[in-house]
Engineer: 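Starting off with a structure, shown below.
This structure is a prediction, so every number in the text was calculated from the model and none was measured. Throughout, a chain's letter reflects where its sequence line sits, starting with A, and its residues are numbered from 1.
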Number of protein chains: 2
Amino acid sequence: MAGKGAILPREQLRQETEQRILRAAEPVFAEAGYAGATMAALAAAASLPKANLHYYFHTKEALYRAVLDNILTVWLSATDRIVPDGDPARAFSHYIRTKMTLSRLRPQASKVFANEILRGAPQLHSVLGGALRSLVAEKSRVIEGWIAQGLMDPVEPRHLFFAIWAMTQTYADFDVQIRAVLDVDRLGDREFSAGTALIERLVLRGCGVRPAG
Amino acid sequence: MAGKGAILPREQLRQETEQRILRAAEPVFAEAGYAGATMAALAAAASLPKANLHYYFHTKEALYRAVLDNILTVWLSATDRIVPDGDPARAFSHYIRTKMTLSRLRPQASKVFANEILRGAPQLHSVLGGALRSLVAEKSRVIEGWIAQGLMDPVEPRHLFFAIWAMTQTYADFDVQIRAVLDVDRLGDREFSAGTALIERLVLRGCGVRPAG
DNA sequence: GTCTATAAAGGGATAGAC
DNA sequence: GTCTATCCCTTTATAGAC
């Protein structure tokens with residue numbers, strides 16, 4: 001395509017086009033699911049002929065995998081502040097806010113992930129039983145440390161993660177339902193503030209989290 | 001089909017076959033989503049030739065609608081105990097347990113529902129903005145009454161519903177993820193007890209629910 | 001009501017010119 | 001690297017015998 005501005009090395013052009021396809025594919029997979037997303041729709045979203053998608057990603061499954069991998073990196077890094085010497089109240093608060101921000105800024109990414117898990121995680125099975133399980137195990141030990149120090153009530157850390165994931169991601173995955181019940185066209189500041197406040201309250205008071213001494 | 005036992009009136013036979021198809025269709029739609037579920041797979045699940053499905057439900061969409069309607073009835077009736085003169089602690093406790101039991105006994109139903117909402121609720125849009133919104137509005141007034149009576153802390157009732165729905169349904173919708181993290185083959189008594197206990201704790205302590213005087 | 005065979009449309013993937 | 005035309009398989013839906 002002429003008039004693109006600076007002349008790019010082939011490799012860089014390839015990566016740019018790949019990224020453009022991946023960004024365009026996310027909402028398509030999010031709204032239609034894997035089976036419902038057609039190569040024609042994916043191509044239209046990226047403003048390319050179908051054949052070009054097959055040139056960059058040999059199969060539909062390969063393209064889908066690439067979209068998922070793109071999302072996973074962001075998803076797994078959200079627990080950063082849950083560390084042994086941290087303050088539990090601040091750590092949970094930060095984690096909940098980070099997850100809510102992700103739901104707000106990248107709802108399509110959350111939906112793609114939700115679709116994958118709903119189908120039984122055919123592509124992510126090994127990640128769930130590998131990297132994710134390890135990450136949760138590590139963070140659970142941190143929480144158990146806080147419990148042992150009397151900084152919070154005794155709770156099952158892993159089920160606490162399930163609860164936090166569910167409560168925060170529902171604002172992305174089930175946004176249609178939330179909008180319908182609240183009778184608003186889109187979820188804005190007001191809705192996300194109210195949701196975040198409630199989730200923080202449930203977690204902090206529910207677990208009896210006390211500020212670190 | 002001969003040897004079916006008692007001779008049934010035509011109408012009754014029709015309803016029996018319809019019910020058999022609906023029951024068989026639920027897990028297929030749950031595991032594959034709407035687009036991924038093929039009439040061939042749905043027919044095989046009901047042990048019928050494809051053509052018979054079209055005889056009972058003219059189109060795939062009509063069959064899907066029937067499956068959804070079947071589920072909705074059960075789903076909407078779960079808030080029964082949230083009534084003005086009830087005890088908040090018992091009411092929330094009962095609601096959470098009912099929802100967890102649904103997740104345990106009818107995980108496929110929950111997944112079909114989740115898939116529908118994820119796609120933007122093309123079939124259920126009017127239900128969400130109609131019956132569901134009304135139900136939640138009514139139950140929210142009950143909760144606001146409890147707050148006014150000082151039976152619990154002030155919280156946004158509708159966001160509380162979103163949180164409870166999310167936390168309980170995740171044990172059905174995202175079971176693969178939960179099983180992977182917990183490293184178990186299936187979710188049994190142990191897992192559902194731990195999950196229920198945590199959710200009850202988060203809601204009851206999180207909202208400062210006090211037993212009615 | 002049940003079933004086999006088939007029509008009609010849509011979907012993933014490729015060939016081959018540019 | 002890009003694009004048009006096309007192959008071939010799958011899918012929904014129907015026709016018509018039993």
Engineer: Figure out the CG/P separation between B:L48 and C:dT4, and round it to whole Å.
Structural biologist: 11 Å

Engineer: May I ask you to say what A:A37 touches in the nucleic acid, namely base, sugar-phosphate or nothing, with a heavy-atom cut-off under 4.0 Å?
Structural biologist: sugar-phosphate

Engineer: Under 4.0 Å, heavy atoms only, any strand: does B:Y56 hit a base, just the sugar-phosphate, or nothing?
Structural biologist: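 It contacts sugar-phosphate atoms only.
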
Engineer: Any carboxylate oxygen within less than 4.0 angstrom of a Lys/Arg side-chain nitrogen, looking at A:R23 and A:E26?
Structural biologist: no

Engineer: D:dA13, C:dT4, D:dT11: which one has an atom nearest the side-chain heavy atoms of B:T59?
Structural biologist: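 Comparing D:dA13, C:dT4, D:dT11 against the side chain of B:T59, the answer is D:dA13.
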
Engineer: Classify B:T17 by what it touches in the nucleic acid, base, sugar-phosphate, or nothing, heavy-atom distance under 4.0 Å.
Structural biologist: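 Since no nucleic acid heavy atom lies under 4.0 Å of B:T17, the category is nothing.
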
Engineer: Quick one: closest heavy-atom pair of A:Q169 and B:F174, and the distance?
Structural biologist: OE1-CE2, 3.8 Å

Engineer: Nearest whole angstrom, please: distance from the C1' of D:dT11 to the CD of B:E61.
Structural biologist: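 About 16 Å, once rounded to whole Å.
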
Engineer: In whole angstrom, what separates B:L63's CG from D:dT11's P?
Structural biologist: 16 Å

Engineer: Between C:dG1, D:dA13, C:dG12, which nucleotide gets closest to the side-chain atoms of B:K60?
Structural biologist: D:dA13

Engineer: Kindly point out which of C:dA15, D:dA13, C:dC3 is positioned nearest to the side chain of A:A51?
Structural biologist: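 Closest nucleotide to the A:A51 side chain: C:dA15.
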
Engineer: In plain terms, say whether B:D175 and B:K111 are close enough for a salt bridge, that is, a side-chain N and a carboxylate O under 4.0 Å apart.
Structural biologist: yes

Engineer: Report the distance from atom CZ of B:R20 to atom C1' of C:dT2, rounded to the nearest whole Å.
Structural biologist: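 Taking CZ of B:R20 and C1' of C:dT2, I get 12 Å after rounding.
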
Engineer: Output the rounded distance in Å from CD (B:Q12) to P (C:dG1).
Structural biologist: 12 Å

Engineer: Parallel, tilted or perpendicular, judged at 30° and 60°: which one describes the rings of B:F161 and B:W165?
Structural biologist: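 Because their plane-to-plane angle lies in the 30° to 60° range, the rings of B:F161 and B:W165 count as tilted.
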
Engineer: Quick one: do A:R14 and A:E18 make a salt bridge, cutoff under 4.0 Å?
Structural biologist: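 Yes, charged N to carboxylate O under 4.0 Å.
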
Engineer: Give a yes/no answer on whether the side chain of A:N52 brings an N or O atom under 4.0 Å of OP1 or OP2 in D:dG1.
Structural biologist: no

Engineer: With a cut-off of less than 4.0 Å, is there a side-chain N or O of A:H54 near OP1 or OP2 of C:dT14?
Structural biologist: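 No.
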
Engineer: Can you tell which of C:dT6, C:dC3, D:dC3 lies closest to the side chain of B:K50?
Structural biologist: C:dT6

Engineer: For B:M39 and C:dA9, what is the distance between atoms CE and C1' respectively, to the nearest whole Å?
Structural biologist: 16 Å

Engineer: Round to the nearest Å and state the distance from A:F29 atom CZ to C:dG12 atom C1'.
Structural biologist: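 Rounded to whole Å, this separation is 12 Å.
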
Engineer: Round to a whole Å and report the spacing from OH of A:Y34 to P of C:dG11.
Structural biologist: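 Between P of C:dG11 and OH of A:Y34: 14 Å.
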
Engineer: Answer with base, sugar-phosphate or nothing: what part of the nucleic acid does B:A43 contact at a heavy-atom distance below 4.0 Å?
Structural biologist: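 No contact.
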
Engineer: Between A:H58 and C:dG12, is there a side-chain N or O to OP1/OP2 distance below 4.0 Å?
Structural biologist: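 Looking at the OP1 and OP2 atoms of C:dG12, neither is under 4.0 Å from any side-chain N or O of A:H58.
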
Engineer: Consider the side chain of A:Y55, meaning its heavy atoms from C-beta on, and name the nucleotide among D:dG1, D:dT12, D:dC3 that approaches it most closely.
Structural biologist: D:dG1

Engineer: Does A:K50 qualify as a cation-pi partner of A:Y55, given the criterion of NZ or CZ under 6.0 Å from the six-membered ring centre and within 45 degrees of its axis?
Structural biologist: no

Engineer: Which of these nucleotides, C:dG12, D:dC3, C:dC3, is closest to any side-chain atom of B:P49?
Structural biologist: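 Nearest to the side chain of B:P49 among the choices is C:dC3.
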
